[in-house]
Amino acid sequence: MIKRTEAACSRKQYIIYGIMLFYSLVNMLVIVQNFRDGQKSYLSAVNMGCIVLADLYLLYYVKMADEKRYYENRVKALEQQEKMQYEYYLAQTEKYSQTVRILHDVDKHIRAIENLYGTEREHTAGEYAEAIRSTLAPLIPISYTENPILNILLTDKNAVMQEKGIHSDIKIDNVDLSYIEPIDITTIFGNLLDNAIEAAANADGDKYIFIKISAYHKMTVVHIENSCGKVKWKKRMPVSDKGKGRGIGLLNVKQSIDKYDGDLQLKQDGNRFVADLFLNS
């Protein structure tokens, strides 16, 4: 749930507030001076009252407009998160369908291998078994960690890295990630790895992504390093050239990190981009 207190005032809003306050004070001082000069009239009093009411209305309007923009951004962030979850679901559904098709023919494959061994064609049988193993390999998540969601996600992203010619190195210590909700696992690691893959794929020279997850006292420390080209920054956050909706992914990451009193530090050092993530268990 999004709380209204999260909608902080922008600098532009504060400037508008200041201008309106200054204008109102000047008008009221002029009216007060007229009263002192003996120019008393009900019209002046009504004018002062109208100014106060107009200022209150404008302040309310500006505040509501600013909050409207804030909530529109939050809705875009949630829509992006839902889209990611849906696409991930479709990918897993396709993988499940592929697994069912393969398993449907497993009995036939086994009998074919047995027949080959029975006719003393062990070499052909070995090649047949290796072909089946290669077919099944992409469907079996690598056991990086005891967290099944992260295992599947890392397996999928690692396959994408291989398709794009990106060298990957994943090192995960014995870390307990059970306190992180599945949707946050997908949001945090999915977005960060998607950004890393996009940057590494467009980098010149060596393309690589290094991932390390370790524990430090009661904290989970995630280090993601990747090769990159020129990175554009806005308000200390990297932005892509995707156009509309850019930066929404990191907004979702920040929202998920905040649940665990965490922190995300991003930096670029030449052709190396680093994301350091800290989560409190």
Side-chain angles (χ1 to χ4, degrees), residues 6 8 10-12 69-70 72-85 87-88 91 144 150 153-172 180 184-214 216 219-279:
E6 293 177 358
S10 64
R11 178 181 296 181
K12 182 179 180 181
R69 286 192 297 270
Y70 171 83
E72 284 176 347
N73 289 333
R74 296 304 306 132
V75 168
K76 290 180 182 178
L78 293 174
E79 288 177 346
Q80 191 270 354
Q81 190 177 42
E82 290 178 358
K83 181 181 178 182
M84 170 179 279
Q85 294 293 329
E87 290 176 348
Y88 186 68
Y144 295 105
L150 184 57
L153 192 145
L154 289 175
T155 299
D156 290 345
K157 298 304 180 184
N158 194 40
V160 175
M161 295 178 203
Q162 293 178 4
E163 291 177 3
K164 295 181 178 293
I166 301 172
H167 172 71
S168 62
D169 186 8
I170 303 174
K171 295 181 180 179
I172 301 180
I180 306 178
D184 293 323
I185 288 283
T186 306
T187 299
I188 294 172
F189 290 94
N191 279 295
L192 291 179
L193 290 178
D194 282 345
N195 291 345
I197 291 172
E198 179 187 0
N202 295 326
D204 297 327
D206 184 30
K207 305 177 187 295
Y208 75 92
I209 294 179
F210 172 63
I211 305 168
K212 181 173 177 57
I213 303 177
S214 56
Y216 181 75
M219 296 182 64
T220 300
V221 181
V222 180
H223 177 84
I224 301 177
E225 178 182 327
N226 59 271
S227 54
C228 67
K230 184 178 180 181
V231 178
K232 296 180 180 179
W233 295 81
K234 184 177 181 180
K235 295 182 179 179
R236 298 183 179 179
M237 295 292 284
V239 295
S240 68
D241 297 322
K242 295 178 181 178
K244 186 178 180 179
R246 66 184 184 180
I248 295 297
L250 286 178
L251 187 61
N252 280 329
V253 171
K254 186 179 183 306
Q255 183 183 10
S256 293
I257 292 174
D258 289 343
K259 294 181 183 179
Y260 309 96
D261 295 325
D263 184 37
L264 176 64
Q265 298 178 2
L266 306 172
K267 64 180 179 180
Q268 181 185 12
D269 182 12
N271 61 350
R272 186 175 70 100
F273 190 89
V274 176
D276 286 319
L277 172 64
F278 307 90
L279 299 173

Practice prompt. Identify which one of Val253, Asp194, Leu150 satisfies the side chain to side chain contact (heavy atoms under 4.5 Å, CB included) criterion when paired with Phe189.
Written response: Leu150
Worksheet item: Should the heavy atoms of other residues, nucleotides or ligands under 6.0 Å from NZ of Lys171 be counted, would the total exceed 12?
Response: no
Kindly write out the residues that satisfy side-chain contact (heavy atoms from CB on, under 4.5 Å) with [X], not counting sequence neighbours, or none if the list is empty.
X	value
Gln162	Asn158
Ala201	Lys164, Ile166
Val221	Ser214, Tyr216, Phe278

If the condition is side-chain hydrogen bond (donor to acceptor under 3.5 Å, both in side chains), which residues does [X] pass it with, not counting sequence neighbours?
X	value
Asp261	none
Asp276	His223
Gln265	Asp263
His167	none

Closest heavy-atom contact between [X] and [Y]?
X	Y	result
Ser227	Lys207	OG-CA, 3.4 Å
Ile224	Ala196	CG2-CB, 4.3 Å
Leu153	Gly190	CD1-N, 4.0 Å

Worksheet, complete the sentence: Residue set satisfying ring-ring contact (aromatic ring centres under 6.0 Å, His included) with Tyr208, at least two apart, ordered chain then number -> none
Which residues share a salt bridge (Lys or Arg N to Asp or Glu O under 4.0 Å) with [X], sequence neighbours left out:
X	result
Asp258	Lys254
Lys267	none
Asp169	none

Item to complete: Scan for salt bridge (charged side-chain N to carboxylate O under 4.0 Å, His left out) pairs involving residues 221-230, sequence neighbours excluded, and state none if there are none.
Response: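 The answer is Glu225-Arg272.
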Discussion item. With a 3.5 Å distance limit and no angle check, can you tell me whether Ser256 reaches the backbone of Ile188 through a side-chain donor-acceptor pair?
Written reply: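 Answer holds: no.
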